[in-house]
Amino acid sequence: MPTIKIAYLYEDLMNTYGDAGDVKIICYFLKQRGFDSQVVNVSLEAEFNAFDYDFIFFGGGQDLEQTVVAQDVQRHRQTIADYIEANRPMLCICGGYQFLGSYYKTSGGQTIQCLDILPLHTIFNPQKRMIGDTHYTTQYGEVRAFENHSGQTFFDSAQLQPFGQMISGYGNNPHDGVEGLQYKQTIGSYSHGPLLKNVNVAQALVDQIINNFQTHRLAQK
Ligand code: GLN
């Protein structure tokens, strides 16, 4: 069986509320489609070239873990930015999603420097921790999930598209009525649960991963 390579960024640090389940679900559906998968934990001090992989996953984390990751991840900014721009598939949840933007101001008053790849930023708001079930529509159909974050994410460009339109719950923040971000084949989302228990989204992502593998990696061989 051909092997799909998956990079799980900081798997040991960024994995709140079962986000690793997203990767397990991807591997399960890949197997059904006749593909093996190899998941590599790209953690502190590891070498990383995004283009060695067919899919990148970046899960959620507590503020403390995000502070640790922030000090390491800048080394990979360019390769991640190029990978995203090249229309390769990536899924970022909660803290991982926040990392795509310019910064995250935490409840501790600290500013975590993020990757500044996409025009968005995240700010803690003491009035509201956004916790509970979410329900929203996406281009792949409806999604039901769970959110738990203190950071409120705002887009800094009108061009940026959200991943979903809220039916209930908060999503990016209590004001905009939208959830996450979709840019090329990169999805950012506040949804834990994990998100990909919504098999409509999982199947769409697996299609993208297989197409990407066939176009880019098989062509190299
Ligand atoms: N620590 C971030 C926040 O509270 C992200 C939380 C998460 O990834 N679950 O907003």
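Just so it is clear, the values below take in all heavy atoms, side chains as well, and ignore hydrogens, waters and symmetry mates. Model, not experiment: these values are computed from the prediction. Just follow the structure's listing: the first ligand is 1, and inside any ligand the first atom is 1.
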Engineer: Which residue is it: E179, E147, Q98? I am looking for the one with a side-chain hydrogen bond (donor to acceptor under 3.5 Å, both in side chains) to Y190.
Structural biologist: Q98
Engineer: Please report the C-alpha distance between Y140 and N198 in whole Å, then the side-chain angles of each, then the deciding distance to 0.1 Å, and finally whether the side chain to side chain donor-acceptor pair (under 3.5 Å) criterion is met.
Structural biologist: CA-CA 10 Å; Y140 313 109; N198 294 276; over 6 Å; no
Engineer: Taking only residues two or more places apart in sequence, or in another chain, which ones meet D19 in a salt bridge (Lys or Arg N to Asp or Glu O under 4.0 Å)?
Structural biologist: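 If we apply the salt bridge (Lys or Arg N to Asp or Glu O under 4.0 Å) test to D19, skipping adjacent residues, there are no hits.
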Engineer: Determine, stepwise, if the pair Q203 / D207 fulfils side chain to side chain donor-acceptor pair (under 3.5 Å).
Structural biologist: CA-CA 6 Å; Q203 297 278 23; D207 284 344; over 6 Å; no
Engineer: With a cut-off of under 6.0 Å to the ring centre and 45° to the axis, is K5 in cation-pi contact with Y53?
Structural biologist: yes
Engineer: Would a single hydrophobic cluster contain both Y17 and L9, if residues Ile, Leu, Val, Met, Phe, Trp and Tyr are joined by side-chain heavy-atom contacts under 4.5 Å?
Structural biologist: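 The answer is no; the residues belong to distinct hydrophobic clusters.
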Engineer: If you count only heavy atoms, which residues are under 4.0 Å from ligand 1?
Structural biologist: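 Protein residues near ligand 1 are T16, Y17, G60, G61, Q62, D63, Q66, C94, G95, Q98, Y104, R129, N148, H149, S150, G151, H192.
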